[in-house]
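For reference, the structure is listed below as structure tokens.
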Amino acid sequence: MLQKSRHFVINKKKCIFASWKKSDCNMRFNFASKSLRYTLRALLFVGAVVLVYECIPHQIKFDKQFMLGKPWPNELLTAEFDFPIYKDESELKHEQDSILRYLVPYFTINQDVARAEIEKFGRAGNSLTDNQRRQIADALAEFYRTGIMSAQDYNDLQTMGVTRISIIDSTQTAHETVLTDIHTARSAYDALGATNIDAGILRKANLNHYLTANLTLDKNKSEQVKQELLASISPTAGMVQAGQRIIDRGEIIDYQTYKILRSLKIATEQMELPERNSNWIVAGKILLIVGLLLLFFLYLRLFRPRIFNSNRDILFIMLMVVSMVGLASLTVHFTQLSIYIVPFALLPIIIRTFFDSRTALFAHIITVLVTSFMVPQPFEFLLLQITAGMTVVSSLKEMTQRSQFVRTALFVFISYSITYTSFVLIYDASFDKIDWWIFAIFAVNSLLQMIAYALIFIFEKIFGFLSNMTLVELSNVNNKLLMEFSGKAPGTFQHALQVSNLAAAAAARINANTLLARTGALYHDIGKMVNPLYFTENQTSGINPLNEAAPEDAAQIIIAHVANGVKIADKNKLPDRIKAFILTHHAENKTGYFYNMVKNSRPDADIDESKFTYPGPKPGSKETTIVMMADAVEAASRSLKTYDDKSIDELVDRIIDGQITNGSFQNSPIAFRDVEQIKNVFKDKLKSIYHSRVSYPELNNTKTKKR
């Protein structure tokens with residue numbers, strides 16, 4: 001008789017279970033899921049390639065490196081096309097300063113100011129005679145007719161080397177005049193003192209109150225004239241013809257050759273190639289990016305399969321790589337800042353926090369290799385950044401404290417400084433060539449690494465990651481939740497401490513995450529806080545309330561501590577990876593005590609096994625598997641009547657072999673070799689806990705002999 005029909009939707013097609021075996025349908029479902037995962041992974045790869053390609057520059061790059069005063073390290077170089085020899089910045093600055101001496105700026109003269117000041121002088125109540133007043137007024141009118149300039153403008157013109165100015169009058173007619181014929185308020189007053197007017201009369205007149213600048217700089221017209229002068233300066237000085245010899249291997253790069261090489265670099269990067277050649281360049285860049293990212297994906301596939309099989313993890317790492325390349329691209333193309341201001345060390349810091357040192361360094365190297373295509377000195381850049389990356393992964397071998405970020409930032413600054421200094425000394429053989437300002441840039445770079453603290457917190461929330469620093473905080477037995485746990489269920493809490501010690505030792509033996517196993521073990525039985533007296537480890541009076549309940553009901557009460565633990569974890573916002581220990585520490589096993597009781601009392605009865613079975617799921621990681629094993633072994637060890645080597649060995653083998661037999665390891669990546677090593681750890685630990693002690697002799701009660 002056919003089983004009841006079930007339908008599974010796979011790729012929008014129905015799999016009719018009535019005609020297919022269940023295993024066949026599951027196989028097809030798993031195949032569909034795997035195909036979807038691989039499709040998403042391929043899309044992530046293509047997306048990363050496209051984004052990285054858009055970040056790197058698309059112009060032709062002059063790939064030969066050269067330095068003034070150093071030998072030319074390449075083969076004979078001849079010009080493949082005509083190009084101009086560009087002047088360097090110092091030459092252009094000298095020519096600009098020279099030509100600006102011929103600048104004739106424009107000023108507007110305001111005679112209304114002259115009339116107002118002269119009228120004010122005429123109304124002033126002083127002891128001057130009419131003749132004296134008229135004589136001084138005529139002198140003032142002459143100064144205002146020529147023009148009085150502010151002291152600031154006059155000094156600026158003298159500093160620029162300007163000797164003539166153009167004055168625009170009220171009729172918009174301009175005429176040139178010599179700058180020395182123009183007075184400021186101070187020089188006009190001094191000039192009046194040099195006339196035949198008596199000094200005493202000038203003091204009575206208080207002329208400094210009536211001398212005001214009436215020449216105003218016409219900024220727009222003056223700037224236009226200035227730009228026209230600057231535009232007349234040619235940025236080039238000569239041409240190099242196609243086929244002309246430039247330099248051969250081993251020749252020293254002198255100043256003139258350096259200018260030619262620099263000009264060739266500028267001309268090459270500004271050149272527009274024919275579409276055919278441009279397509280080849282695009283193909284080459286895409287091929288290179290695909291090759292580098294493919295190497296990274298291959299590394300993950302071979303050495304980090306857990307990361308490779310998680311699209312979330314790959315998405316995060318690719319976002320980090322693309323973000324750092326994009327930040328570098330923005331810095332190079334849209335700012336005047338040094339590329340060393342970009343905190344590339346952030347990438348290995350953050351990836352190391354959530355994954356491992358090897359993955360962090362691999363991703364960092366891929367990132368800086370791609371970025372080297374857009375920086376001016378790629379070899380120096382690669383040397384500094386790879387050294388910084390190695391410094392990061394070395395200083396963060398064990399991520400347990402947030403203060404380690406400060407120490408790492410200091411080490412990165414030292415790494416940058418030493419590497420840069422060494423590079424300059426090797427190539428320039430002199431401290432004089434060191435750019436001391438770059439050390440300030442290195443310092444800012446190191447300070448920017450401090451944002452890793454905030455970014456890690458954000459990424460933990462967005463991607464559901466769990467850092468070692470968070471695990472350290474969660475494993476602190478003085479935190480609020482664990483203090484409450486120890487107060488409400490002291491016996492269970494002591495059990496959790498013992499399980500955490502066993503799990504940490506086992507995880508260390510098989511190179512699993514020790515801190516995760518320890519922390520998960522501390523919380524695995526947190527649900528027993530709800531009804532602590534139902535569990536024997538918390539019963540001090542010897543009375544067990546479950547003895548009065550039916551076995552089925554008692555089993556459900558015991559099983560409920562898993563669901564209660566999840567509720568407590570949700571209420572206290574524990575991470576999902578910690579909740580996994582609560583859910584899986586009993587896998588899908590039975591409550592053996594009550595199940596065996598019913599089975600023995602009613603051997604022929606039809607027992608509903610679901611009432612005695614934990615809901616699971618089965619553990620899916622090495623760490624959750626270790627805690628499941630440690631929990632069962634530690635709990636069973638309390639029932640031993642004798643604690644000798646034989647009884648402990650038999651107990652550990654029986655408990656763990658039973659878990660293997662009932663399929664509790666079915667979803668776990670743990671290997672049989674690991675299981676044997678974990679067994680040995682548990683045996684050694686339990687023997688050290690329950691070792692026999694030597695009885696201390698009691699002190700005899702001696703009394704003084706009576707006489």
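Every value quoted in this text rests on a predicted model; they were computed, and no experiment measured them.
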Item to check | With Lys590 via side-chain contact (heavy atoms from CB on, under 4.5 Å) - residues at least two apart | outcome: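 In terms of side-chain contact (heavy atoms from CB on, under 4.5 Å), with neighbours along the sequence ignored, Lys590 is linked to Tyr595, Glu609, Thr613.
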Item to check | side-chain contact (heavy atoms from CB on, under 4.5 Å) against Asp644, all qualifying residues, sequence neighbours excluded | outcome: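 Per chain and number, Asp644 pairs via side-chain contact (heavy atoms from CB on, under 4.5 Å) with Thr642, Lys646, Ser647.
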Is the backbone of [Y] close enough, under 3.5 Å, to the side chain of [X] for a donor and an acceptor to pair up by distance?
X      : Y      : result
Asn479 : Leu474 : yes
Arg518 : Ala503 : no
Asn309 : Pro305 : yes
Lys618 : Gly663 : yes
Glu623 : Asn513 : yes
His364 : Leu361 : no
Asn538 : Tyr534 : no
Asp313 : Ser310 : no
Tyr643 : Ser637 : yes

Item to check | Arg304: partners by salt bridge (charged side-chain N to carboxylate O under 4.0 Å, His left out), with sequence neighbours left out | outcome: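 Testing Arg304 for salt bridge (charged side-chain N to carboxylate O under 4.0 Å, His left out), a comparison that skips the adjacent residues, returns Asp356.
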Results of side chain to side chain donor-acceptor pair (under 3.5 Å) for [X] - residues two or more places apart only:
X      : answer
Asn680 : none
Arg638 : Glu634
Ser610 : Asp608
Ser500 : none

Item to check | Audit row: Ile558, Phe535, side chain to side chain contact (heavy atoms under 4.5 Å, CB included) steps and yes/no | outcome: CA-CA 8 Å; Ile558 296 299; Phe535 302 92; 3.5 Å; yes
Listed partners of [X] passing ring-ring contact (aromatic ring centres under 6.0 Å, His included), at least two apart:
X      : value
Phe665 : none
Phe682 : none
Phe463 : Phe316, Phe465
Phe308 : none

Next on the checklist: As a test of understanding, state which of Asp657, Asp649, Asp674 forms a salt bridge (charged side-chain N to carboxylate O under 4.0 Å, His left out) with Lys679.
Outcome noted: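 By the salt bridge (charged side-chain N to carboxylate O under 4.0 Å, His left out) criterion, Lys679 pairs with just one of Asp657, Asp649, Asp674: Asp657.
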Next on the checklist: Walk me through whether Thr470 and Glu460 qualify under side-chain hydrogen bond (donor to acceptor under 3.5 Å, both in side chains).
Outcome noted: CA-CA 9 Å; Thr470 300; Glu460 279 186 321; 2.8 Å; yes
Item to check | Verdict with supporting geometry, Ile526 and Leu574, side chain to side chain contact (heavy atoms under 4.5 Å, CB included) | outcome: CA-CA 11 Å; Ile526 201 79; Leu574 293 182; 5.6 Å; no
Verify the distance criterion only: is there a donor paired with an acceptor across the side chains of [X] and [Y] at less than 3.5 Å?
X      : Y      : value
Tyr299 : Thr359 : yes
Ser664 : Asn589 : yes
Ser415 : Thr387 : no

Checklist entry - Can a salt bridge be assigned to the pair Lys683 and Asp653 using a cut-off of 4.0 Å between side-chain N and carboxylate O? => result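 The answer is yes: the pair qualifies as a salt bridge.
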Checklist entry - How long is the gap from OG1 on Thr353 to CE on Met469, to the nearest 0.5 Å? => result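 Thr353 OG1 to Met469 CE: 5.0 Å, rounded to 0.5 Å.
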Item to check | Summary of side chain to side chain donor-acceptor pair (under 3.5 Å) pairs that have at least one residue in residues 561-576, sequence neighbours excluded | outcome: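 Those involving residues 561-576 are Asp525-His561, His561-His585, Asp570-Lys579, Asp576-Lys579.
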Checklist entry - side-chain hydrogen bond (donor to acceptor under 3.5 Å, both in side chains) between Thr391 and Ser394: does it pass, once the steps are laid out? => result CA-CA 5 Å; Thr391 302; Ser394 299; over 6 Å; no
